[in-house]
Amino acid sequence: MLICPICKTKLTREASRYVCENRHSHDISKYGHVNLLMSQKGGNHGDSREMLLSRKNFLDSGAYSPMREALTETIVQLTDGYNSVSLLDSGCGECYYTSRIKEALNSFGKNPHVIGIDISKEALRLAAQRFNGECKKVDSSVELAVASSYQLPVAECSTNVVISVFAPLCSDEFARVLKVGGYFITVIPGRRHLWELKSAIYEKPYENEIMPYEIDKFELVSKKELSGKFTLASKEAIFDLFTMTPYFCRTSEQDKTKLYSLDSLECSYEFEILVYKKS
């Protein structure tokens with residue numbers, strides 16, 4: 001499914017590298033991912049290691065597990081009757097969601113092949129650990145690539161499902177890589193997602209704006225709303241959540257200090273799982 005970012009021909013894995021028919025070579029890192037990002041300017045891209053570790057700590061606490069299970073169930077149902085499933089996670093992060101989806105598809109005998117794309121090298125190092133474990137035994141049915149969601153190094157019409165969880169929407173690219181009748185699934189925050197966290201920081205917290213559901217080249221086939229609460233039982237847990245959100249970079253130091261007075265926080269989540277079919 002991966003293609004060379006230089007000449008757009010198919011990549012084949014050879015030992016510790018990917019090679020295309022024009023002999024462009026792309027080394028696989030010791031962590032198990034390949035760098036297919038065309039522009040290397042500006043040093044590290046994407047989320048910082050601090051943000052990624054905070055997100056991993058928070059997600060591993062299970063606070064978002066109801067959404068992960070709902071997303072997994074949706075994909076299992078959509079692929080009912082498939083003998084094999086090719087799935088692309090665009091903006092995969094450390095693959096918290098994708099690893100569970102792959103596990104479920106395996107249990108139903110769907111022989112999943114997964115590609116995780118993220119612009120952050122650090123995210124894919126964590127993703128490789130999630131899939132391959134501490135023994136670093138490489139799972140050949142998983143391919144992880146540093147790349148932009150706006151220039152996916154993925155073959156045309158090669159995937160059954162594309163998912164994007166709190167990640168950029170790149171409808172042209174998603175339509176290009178999906179097979180006819182393929183599904184695009186995105187998860188977006190509801191209007192009052194993490195409302196208590198916002199209220200602890202800002203004098204006048206604001207609701208999230210919900211953008212129009214229409215997407216060019218896709219038809220919306222279903223929408224599922226999820227809501228609930230979770231408890232952050234320590235200062236560390238509160239800061240893990242805060243650090244992984246976009247608010248961390250947008251909030252003044254003065255407002256950030258308001259969180260130091262909190263020892264625990266009950267917080268609400270609101271998600272919308274939107275399922276689209278390629279037109």
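Both backbone and side-chain heavy atoms feed into the values below; hydrogens, waters and symmetry mates do not. This one's a predicted model, so the numbers in the text were calculated from it and none came from an experiment. All residue numbers in this chain count up from 1 along the given sequence.
- Contact detail for Ala70 and Leu226: the closest heavy-atom pair is CB-CD1, 3.6 Å.
- Paired with Tyr18 under the rule side chain to side chain donor-acceptor pair (under 3.5 Å), one option of Arg13, Lys10, His26 passes, and it is Arg13.
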May I have the step-by-step check of side-chain contact (heavy atoms from CB on, under 4.5 Å) for Val19 and Leu11, ending in yes or no?
CA-CA 5 Å; Val19 181; Leu11 286 174; 5.9 Å; no

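- Ser264 has its side chain out of reach of Leu232: every pair of non-hydrogen atoms, C-beta onward, lies at least 4.5 Å apart.
- Note on ring orientation: taking the six-membered ring where Trp is involved, the planes of Phe271 and Phe166 are tilted (angle from 30° to 60°).
- In this structure, Thr79 contributes its side chain and Tyr82 its backbone to no donor-acceptor pair below 3.5 Å.
- No side-chain heavy atom of Asn57 sits less than 4.5 Å from a side-chain heavy atom of Ser54.
- Looking at Tyr150, its side chain never comes within 3.5 Å of a backbone N or O of Pro168 through a donor-acceptor pair.
- Residues Val146 and Val34 have side chains not in contact (no heavy-atom distance under 4.5 Å, counting atoms from C-beta outward).
- A cation-pi contact, defined as under 6.0 Å to the ring centre and within 45° of the axis, is absent between Arg130 and Tyr96.
- For the 3.5 Å distance criterion, the side chains of Arg68 and Tyr97 fail to qualify, holding no donor opposite an acceptor.
- Residue Ala145 comes nearest to Leu36 through the heavy atom pair CB-CD1, 4.0 Å, listed as atom of the first residue, atom of the second, then distance.
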Show, in sequence, the C-alpha distance, side-chain angles and deciding distance for Phe108 and Val76, and conclude whether the side-chain contact (heavy atoms from CB on, under 4.5 Å) test is met.
CA-CA 8 Å; Phe108 283 92; Val76 169; 3.9 Å; yes

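- Scanning all heavy atoms of the two residues, the minimum distance from Asn106 to Pro112 falls at OD1-CD, 3.2 Å.
- Panel note: side chain Lys278, backbone Ala175; a donor-acceptor pair is recorded below 3.5 Å.
- Here the CD1 atom belonging to Ile238 is positioned 7.0 Å from the CG atom belonging to Asp263, to the nearest 0.5 angstrom.
- Side chain of Lys235 to main chain of Tyr260: a donor-acceptor pair is present (N/O by atom type, distance under 3.5 Å, no hydrogens or angles).
- The backbone N or O of Leu152 sits less than 3.5 Å from a side-chain atom of Glu173, completing a donor-acceptor pair.
- At a threshold of 4.5 Å between non-hydrogen side-chain atoms, the residues Leu274 and Tyr213 count as touching.
- Judged purely by atom type and a 3.5 angstrom limit, Asp118 uses its side chain to pair as donor or acceptor with the backbone of Ser120.
- Side-chain atoms of Thr98 do not come within 3.5 Å of backbone N or O of Asp89 as any donor-acceptor pair.
- For the pair Met67 and Val187, the minimum side-chain heavy-atom distance is below 4.5 Å.
- Inspection of the Ser141 and Lys102 side chains reveals an N or O donor paired with an N or O acceptor under 3.5 Å.
- Hydrophobic clustering, with ILVMFWY side chains joined whenever heavy atoms are under 4.5 angstrom apart, groups Met244 together with Tyr269.
- The minimum heavy-atom distance between Ser158 and Ser86, with the atom names listed, is O-OG, 3.0 Å.
- At least one donor-acceptor pair under 3.5 Å links the side chain of Ser29 to the backbone N or O of Tyr31.
- Placement of Phe248 and Phe239 within a single hydrophobic cluster is found when ILVMFWY residues are connected by side-chain heavy-atom separations under 4.5 Å, directly or transitively.
- In Glu203, the CD atom is not crowded: 12 or fewer heavy atoms of neighbouring residues, nucleotides or ligands sit closer than 6.0 Å.
- Annotation: side chain of Ile185 is in contact with side chain of Leu78 (closest heavy-atom distance under 4.5 Å).
- The two atoms that bring Gly190 and Asn208 nearest to each other are O-ND2, 2.8 Å, heavy atoms only.
- Note: His24 NE2 to Thr9 OG1 = 8.0 Å, rounded to the nearest 0.5 Å.
- Under the 4.5 Å side-chain heavy-atom criterion for grouping Ile, Leu, Val, Met, Phe, Trp and Tyr, Leu220 is connected to Leu178 within one hydrophobic cluster.
- At most 12 non-hydrogen atoms from other residues, nucleotides or ligands lie less than 6.0 angstrom from CG of Asn83.
- Thr231 and Glu266 get closest at one heavy-atom pair: OG1-CG, 4.2 Å.
- Ring-plane geometry between Tyr247 and Tyr206 is classed as perpendicular, the angle between the planes exceeding 60 degrees on a 0 to 90 degree scale with a lower cut at 30.
- Between Tyr202 and Thr251, the side chains place a donor N or O and an acceptor N or O closer than 3.5 Å (distance only, hydrogens not considered).
- Transitive grouping of hydrophobic side chains (ILVMFWY, heavy atoms separated by less than 4.5 Å) keeps Leu126 and Leu59 in distinct clusters.
- Between the NE2 atom in His33 and the SG atom in Cys92 there is a gap of 10.5 Å [rounded to 0.5 Å].
- The side-chain heavy atoms of Thr159 and Lys179, taken from C-beta on, include no pair separated by under 4.5 Å.
- The backbone N or O of Lys110 sits nowhere less than 3.5 Å from a side-chain atom of Ser84 that would complete a donor-acceptor pair.
- Using a 30° and 60° split on the angle between ring planes, Tyr64 and His193 fall in the tilted class, from 30° to 60°.
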Go through it in stages, so that I can follow the logic: the residues are Tyr183 and Asn160, the test is side-chain contact (heavy atoms from CB on, under 4.5 Å), and I'd like the CA-CA distance, side-chain angles, deciding distance and then a yes or no.
CA-CA 6 Å; Tyr183 293 98; Asn160 300 116; over 6 Å; no

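- Between the side chains of Lys217 and Ser171, no donor N or O sits under 3.5 Å from an acceptor N or O.
- Around the NZ atom of Lys277, the shell of radius 6.0 Å holds no more than 12 heavy atoms that belong to other residues, nucleotides or ligands.
- Atom OG1 of Thr74 sits about 5.0 Å away from atom CD1 of Ile273, to the nearest 0.5 Å.
- Less than 6.0 angstrom separates the ring centroid of Phe230 from the ring centroid of Phe58.
- Taking CD1 of Ile28 as the reference point, atom CZ of Arg17 lies at 10.0 Å (rounded to 0.5 Å).
- The backbone N or O of Ala200 lies less than 3.5 Å from no partner atom in the side chain of Lys258, so there is not a single donor-acceptor pair.
- Arg192 has a carboxylate O that lies under 4.0 Å from a charged side-chain N of Glu207, or vice versa, which qualifies the two as a salt bridge.
- Side-chain contact between Ile201 and Phe242 is present, with at least one heavy-atom pair separated by less than 4.5 Å.
- Using a 4.0 Å cut-off between charged nitrogen and carboxylate oxygen, Glu69 and Arg100 count as a salt-bridge pair.
- By the rule that hydrophobic residues join a cluster once side-chain heavy atoms approach within less than 4.5 Å of another member, Leu169 and Ile188 end up as members of one cluster.
- Within the model, atoms CD of Glu94 and CG of Leu124 stand 10.0 Å from one another, a figure rounded to the nearest 0.5 Å.
- Counting only N and O atoms by type, the side chains of Glu143 and His113 include a donor and acceptor under 3.5 Å apart.
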Determine whether Leu144 and Cys95 satisfy the following criterion, side-chain contact (heavy atoms from CB on, under 4.5 Å), listing intermediate values before the conclusion.
CA-CA 10 Å; Leu144 302 172; Cys95 285; 4.2 Å; yes

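- A salt bridge is defined here as a Lys NZ or Arg NE, NH1 or NH2 lying under 4.0 Å from an Asp or Glu carboxylate O, and Glu196 with Lys198 fails to meet this definition.
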